[in-house]
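Quick note on labels: first sequence line is chain A, next is B, and so on, each numbered from 1.
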Protein chains: 2
Amino acid sequence: MNKIITIGREFGSGGRELGRRLAEELGFEYYDNEIITEISKHTALSEQYIKQIIECTPHQLFPITVGHSLTVHHDHAFHLVQSVYAAQEKIIKDLAEKSNCVIVGRCADYILKDYKPFRLFVYAEMESKVARCMARDDSLTEKQLRRKIRAVDKNRSRYYSFYTGNNWGARTNYDLCINTTNTEIKEIVPVISKIFE
Amino acid sequence: MNKIITIGREFGSGGRELGRRLAEELGFEYYDNEIITEISKHTALSEQYIKQIIECTPHQLFPITVGHSLTVHHDHAFHLVQSVYAAQEKIIKDLAEKSNCVIVGRCADYILKDYKPFRLFVYAEMESKVARCMARDDSLTEKQLRRKIRAVDKNRSRYYSFYTGNNWGARTNYDLCINTTNTEIKEIVPVISKIFE
């Protein structure tokens, strides 16, 4: 069985960078936005539209009253989201079958549970996340960034809970939870990579 | 400043073994029950009695109605618990001043926050914790062990919350959270120790 590392991460925690560097260090494949591209090929939906569907989260598409207010619009949206998730599930399993890999986000820890992936969760204190985001792109103010970080993570959490029934970021769903506050990602990657040698 | 590693751990997760081995590997001092012995010296209370006070947790000594039912007994118990905690705080700070060390439990992560310790939390799935406890001592049945594990952790959680105001085991209070399910402690220690080299 291939070695699979899945990474859940708070926005701004450096989880994506950690995943990319870890894959490089270990010589594993790395999948992040590549999954969106693949879903696009499988569903004939644009990448932009898939991102929108994923970021919307099912809760926003289906409010709690869904049972009472099911309309043609909801029905269509439901099938769309379901087909995107189904495509994602298939693609992620195919990738896991192909070779050792690092997969960021997309409920991969849950989708691949039968493959016994090593499940990482990366997080940090708000100050650290804001600083990391600012270093990458200074077009937003600190206040705007805090709001964005909270909003993105709220969506990730809802998305994860909706599809897995588990709590996003709860330690019991992961093998290792790493706090990247005051940490240079490139410095910790060589240490983390030792786990897989 | 000395290098300080604090370890919070679920009962049966192997956190104590991890701490001991990590201290050995790094050549750091290791403190666990040694702290109880020191408290005993400072307070003239027996180690047994201190353990009892600590295991009781303040909530059990001071029920929620404490404001209404303060009695001589409660007053005495209050001073006892406070003096044990104060002694513990002093001892832990003294140890941190002395040399690099690993300290297990005792809210050391909180007490030493100004020393910027590396805060580990060790946890595992219930099945794994039961198996680990059984391998160490087979005098309890599986059912009894599950009950004991839940009870000990409930006390640790209450104790930690009472003195720190934080949630025991919540990832944000730690730098690294390690799931030891299906893991040999002695195999992961050399990897973890790399963080401190």
**Message:** Please evaluate residues A:Y160 and A:D109 with respect to the criterion side-chain hydrogen bond (donor to acceptor under 3.5 Å, both in side chains), reporting the C-alpha separation (whole Å), side-chain torsions for both, the decisive distance (0.1 Å), and the verdict.
**Reply:** CA-CA 10 Å; A:Y160 188 85; A:D109 55 324; 2.5 Å; yes

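Checking B:Q144 against B:T141 by side-chain atom types alone, a donor-acceptor pair falls below 3.5 Å. Side-chain atoms of A:Y30 and A:E24 form no donor-acceptor pair, as typed in the model, at a separation below 3.5 Å. No side-chain donor from either of A:Y31 and A:E38 sits under 3.5 Å from a side-chain acceptor of the other.
What you find for A:V122 and A:G14 is that their closest heavy atoms are CG1-C, 4.5 Å.
With sequence neighbours left out, the ring pair (Phe, Tyr, Trp, His ring centres under 6.0 Å) criterion links A:Y174 to A:F121.
The residue among A:T172, A:N182, A:N179 with the most heavy atom pairs within less than 4.5 Å of chain B is A:N179.
Against chain B, the residues from residues 188-197 of chain A that qualify, each with a non-hydrogen atom under 4.5 angstrom away, are A:V191, A:K194, A:I195 in number order.
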